[in-house]
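Scroll down for the structure; my scribbles are underneath it.
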Amino acid sequence: MNAVTIRHVLNTIAEMFPDARCELNHRNPFELTIAVLLSAQCTDETVNKVTATLFDKYRTPQDYLNVPLEELENDIRRIGLFRNKAANIQKLCRLVIDKHNGEIPRKHEELTELPGVGRKTANVVVSNAFDEPAIAVDTHVERVSKRLGIAKADDSVLEVEKKLMRKVPRDEWTITHHRLIFFGRYHCKAQNPKCDVCPILEHCKEGKSRMKAALKKRSTTK
DNA sequence: AACTCGGGGCA
DNA sequence: TGCCCAGAGTT
């Protein structure tokens with residue numbers, strides 16, 4: 001896909017989701033980091049239900065260390081992978097207090113040293129809390145990029161990120177990340193993507209083949 | 001590269 | 001019921 005086509009595709013997606021943004025509830029970098037860590041493999045909606053009360057009880061890194069692990073587990077029990085996440089949160093808080101003076105670090109390398117914080121989480125934190133341009137590649141961004149042909153099907157997550165960064169102006173990385181996520185979550189879904197009403201179908205290799213397959217199936221079953 | 005963690009959402 | 005999901009860590 002050439003540069004002009006990518007520009008057109010991204011502009012169209014931008015028109016489809018003009019309000020795309022981070023949907024996690026948070027008031028500061030620390031709360032955002034906790035929220036993103038909790039969001040692995042579950043929706044932001046679920047995370048927000050939990051953090052709505054969680055962030056009243058736990059306001060500082062020390063607050064998370066002042067309770068037994070079992071209590072923290074119980075407080076986030078409605079979220080998947082809660083045992084891993086609870087343990088990671090306490091280790092993370094210990095590290096933030098001991099090595100970073102109680103503040104979430106701003107540097108990407110320091111963020112990924114925190115337990116439970118990988119490349120994707122770190123990118124979300126630097127872009128949403130510290131205004132540093134980043135494209136966090138989650139399942140939505142990866143799937144959409146590969147379907148559209150911006151990345152290849154067998155590209156690693158890191159390769160997808162590199163290609164997006166190369167093909168999108170730096171000052172649009174963060175907003176593009178959010179737009180691709182909305183596009184993937186509400187339109188170009190993993191199951192039953194809305195190819196039949198997709199405004200960029202003509203630029204989508206997988207979408208066109210999907211439509212062709214659907215058409216063939218309809219004619220044979222008739 | 002494959003596996004595990006895991007409750008919630010959705011068909 | 002069964003399947004997948006705004007991932008990260010380990011093997």
Side-chain angles (χ1 to χ4, degrees), chain A residues 13 16-17 19-26 29 31-55 69-96 104-105 108-129 133-148 150-161 164 173-194:
Chain A
I13 292 175
M16 294 172 73
F17 301 98
D19 301 320
R21 57 182 170 76
C22 178
E23 292 191 306
L24 290 169
N25 290 335
H26 61 278
E31 287 189 353
L32 175 64
T33 304
I34 299 295
V36 182
L37 189 155
L38 289 175
S39 76
Q41 295 297 102
C42 75
T43 65
D44 286 10
E45 212 170 307
T46 306
V47 174
N48 284 340
K49 286 178 189 168
V50 171
T51 56
T53 55
L54 191 77
F55 289 164
L69 178 58
E70 294 72 25
E71 183 173 341
L72 181 55
E73 285 181 354
N74 198 49
D75 287 337
I76 65 170
R77 186 169 290 278
R78 292 170 57 194
I79 293 183
L81 313 179
F82 66 92
R83 268 182 275 265
N84 287 343
K85 292 172 181 176
N88 281 337
I89 287 172
Q90 286 200 332
K91 291 180 199 164
L92 179 152
C93 289
R94 181 79 270 155
L95 210 55
V96 165
I104 293 294
H108 195 281
E109 316 88 79
E110 294 174 325
L111 282 165
T112 52
E113 283 175 9
L114 302 174
V117 179
R119 184 169 188 84
K120 184 260 177 180
T121 301
N123 279 350
V124 174
V125 171
V126 297
S127 61
N128 288 294
I135 297 180
V137 179
D138 56 34
T139 57
H140 291 313
V141 175
E142 181 179 1
R143 181 182 67 255
V144 167
S145 299
K146 290 181 176 181
R147 279 184 178 167
L148 287 171
I150 296 174
K152 291 182 179 176
D154 59 352
D155 279 347
S156 68
V157 172
L158 184 57
E159 285 169 328
V160 174
E161 182 182 325
L164 284 169
W173 285 354
T174 301
I175 185 62
T176 299
H177 154 70
H178 286 124
R179 285 169 180 162
L180 290 179
I181 284 176
F182 272 64
F183 181 66
R185 180 153 160 71
Y186 300 111
H187 185 92
C188 192
K189 300 182 290 185
Q191 298 91 24
N192 305 318
K194 302 180 180 178

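All values below were derived from every heavy atom in this structure, side-chain atoms included, with hydrogens, water molecules and symmetry-related copies excluded.
Between A:R83 and B:dG6 there is a side-chain polar atom (N or O) within less than 4.0 angstrom of OP1 or OP2. At C:dG7, one or more side-chain N or O atoms of A:T139 fall inside 4.0 Å of OP1 or OP2 (strictly under the cut-off). The phosphate of B:dA11 has neither OP1 nor OP2 within less than 4.0 Å of any side-chain N or O from A:K189.
Summary of the strand contacts: A:A40 and A:K49 both lie near DNA chain B, and taking for each the nucleotide with the nearest heavy atom, the more 5' one is attributed to A:A40. Comparing A:R78 and A:N192, the nucleotide of DNA chain B nearest to each residue sits closer to the 5' end for A:R78. Place A:V117 and A:R143 on DNA chain C by their nearest nucleotides, and A:R143 ends up nearer the 5' end. Along DNA chain C, the nucleotide nearest A:H140 and the nucleotide nearest A:G116 are compared for position; the residue whose nucleotide lies closer to the 5' end is A:H140.
The CZ atom of A:R119 sits 14 Å away from the C1' atom of C:dA8 (whole-angstrom rounding). When the C1' atom of C:dG7 is taken as reference, atom CG of A:N123 falls 13 Å away, rounded to whole Å. Separating the CG atom of A:N88 from the P atom of C:dG7 is a distance of 15 Å, rounded to the nearest angstrom. Distance A:L158 CG to B:dA1 C1': 16 Å, rounded to the nearest Å. A:F82 has its CZ atom 22 Å from the P atom of C:dC5, to the nearest Å. Nucleotide B:dG7 holds its P atom 9 Å from the CG atom of A:L81, rounded to whole Å. B:dG6 atom P lies 9 Å from atom NZ of A:K85, rounded to whole Å. In this entry the distance linking CG of A:L37 with P of C:dC5 reads 20 Å, nearest Å.
The same atom, P, is picked in C:dT1 and in B:dG6; the two are 23 Å apart, to the nearest Å.
With a 4.5 Å cut-off on side-chain heavy atoms, A:L180 and A:L164 count as touching. Inter-residue side-chain proximity for A:F55 and A:I34 is flagged as met; some heavy-atom pair is nearer than 4.5 Å. With contacts defined as side-chain heavy-atom distances shorter than 4.5 Å, the pair A:E113/A:P105 does not qualify. Under the 4.5 Å side-chain criterion, counting only non-hydrogen atoms from C-beta, A:V36 is not in contact with A:H26.
No donor-acceptor distance shorter than 3.5 angstrom exists from the side chain of A:K120 to the backbone of A:T139, with no hydrogens or angles considered.
Applying the ring-ring contact (aromatic ring centres under 6.0 Å, His included) rule to A:F17 yields no partners; only residues at least two apart in sequence or on another chain are considered.
Residue A:V47 is out of contact with every strand shown, counting any heavy-atom pair closer than 4.0 Å. Residue A:T43 is classed as having no contact, given no heavy-atom separation below 4.0 Å to the nucleic acid. In this structure, A:L180 reaches neither bases nor backbone, as no heavy-atom distance under 4.0 Å exists between it and the strands shown. Using a 4.0 Å heavy-atom criterion, one finds that A:G80 contacts the bases of the nucleic acid, with or without backbone contacts as well.
For the atom pair CZ of A:R143 and CZ of A:R185, the computed distance is 10.5 Å after rounding to the nearest 0.5 Å.
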Return all side-chain donor-acceptor pairs below 3.5 angstrom for residues 121-129 of chain A, not counting sequence neighbours, or 'none' if the list is empty.
unit_1 : atom_1 : unit_2 : atom_2 : d
A:N123 : OD1    : A:H108 : NE2    : 2.9
A:N123 : ND2    : A:I135 : O      : 3.3
A:N123 : ND2    : A:E161 : OE1    : 3.3
A:N123 : ND2    : A:E161 : OE2    : 3.4
A:S127 : OG     : A:N123 : O      : 2.8
A:S127 : OG     : A:V124 : O      : 3.2
A:N128 : ND2    : A:V124 : O      : 3.0

Using a cut-off of under 3.5 Å, enumerate the N/O to N/O pairs linking the protein to nucleotides 1-4 of chain C.
unit_1 : atom_1 : unit_2 : atom_2 : d
C:dC4  : O3'    : A:Q191 : NE2    : 3.1

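Distance from the side chain of A:K120 is smallest for C:dA8 among the nucleotides B:dG9, C:dA8, C:dC5.
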